Amino acid sequence: MQELKNHLSTTLKHLRKNRGWSLDATAAATGVSKAMLGQIERGESSPTTAVLWKLATGFQVSISSLMEPLPEISADTVIRDAEEIRNIPGDKGMAVAPLFPFEPRFGFDLMELTFLPGYERVSEPHEPGVIEHITVMSGKMEILTDDIWQKLEKGQTIRFRGDKPHGYRNRNDEKAVTLSVIHYPHRT
Ligand code: MN
């Protein structure tokens, strides 16, 4: 939790410096308020998934790059453990483990997403071309796409456009553990 805050604080300052963006310019590009940006940079805020996505879309970076430093993954064979890298964003009812964070040569994020009972979030569109794939490993959940909540059970998988409004919810009494592949076709 604190690690997520610290990493995000460092990354946001770095991204802003890199782009030469003021807080005003960053607020305009991301839709995150100046006050919230300041809190994040001071490590005072636990950002929600919605805020993380706004930053990712505004800066045109992967969501995983905002969660933890890029691991040493230059080797061809890499083993990662979700238990060790699972984060809980500020919106609480979910957890995210960036199993294989985005690398330009592959063009995707592979994440474990856990949705607790009662969780519901409707997301703004991500950058153009982004496609999401969600596979349910345990429990049940629903994905909103094309204005329909699609029910998914263990073993089922869905592909949908991340660049249109979409949502995630769990109306059951057990958690849903899923694997998410987010493909960023235009990212370099
Ligand atoms: Mn999404």
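Everything quoted here is computed from the prediction, not taken from an experiment. In listed order, ligands and their atoms are each counted from 1. In what follows, every heavy atom counts, from backbone to side chain, and hydrogens, waters and symmetry copies are set aside.
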Visitor: With a 6.0 Å cut-off on ring centres, are His183 and His133 close enough?
Guide: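 Not under 6.0 Å, so no.
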
Visitor: CD of Glu124: more than 12 outside heavy atoms within 6.0 angstrom?
Guide: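 Open.
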
Visitor: Taking atom CG of Asp147 as the centre, report whether more than 12 heavy atoms of other residues, nucleotides or ligands fall under 6.0 Å from it.
Guide: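 Open: at most 12 neighbouring heavy atoms sit under 6.0 Å from CG of Asp147.
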
Visitor: Measuring from the Mn ion (ligand 1), count protein N/O/S atoms under 2.8 Å, please.
Guide: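 N, O or S atoms of the protein closer than 2.8 Å: 4.
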
Visitor: Anything under 3.5 Å between a donor and an acceptor, one on a side chain of residues 153-164, the other on a protein residue two or more places apart or in another chain? List them.
Guide:
| residue | atom | partner | partner atom | Å |
| --- | --- | --- | --- | --- |
| Gln156 | OE1 | Glu153 | N | 2.8 |
| Thr157 | OG1 | Ile134 | O | 3.2 |
| Thr157 | OG1 | Thr135 | OG1 | 2.7 |
| Arg161 | NE | Asp163 | OD1 | 2.9 |
| Arg161 | NH2 | Asp163 | OD1 | 3.4 |
| Arg161 | NH2 | Asp163 | OD2 | 3.1 |
| Asp163 | OD2 | Gly129 | N | 2.8 |

Visitor: Passes side-chain contact (heavy atoms from CB on, under 4.5 Å), Phe100 versus Phe106? Steps please.
Guide: CA-CA 10 Å; Phe100 287 109; Phe106 300 130; over 6 Å; no

Visitor: Do the side chains of Arg169 and Glu142 get close enough for a salt bridge, i.e. N-O under 4.0 angstrom?
Guide: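 Here Arg169 pairs with Glu142 in a salt bridge, since their nearest N and O are under 4.0 Å apart.
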
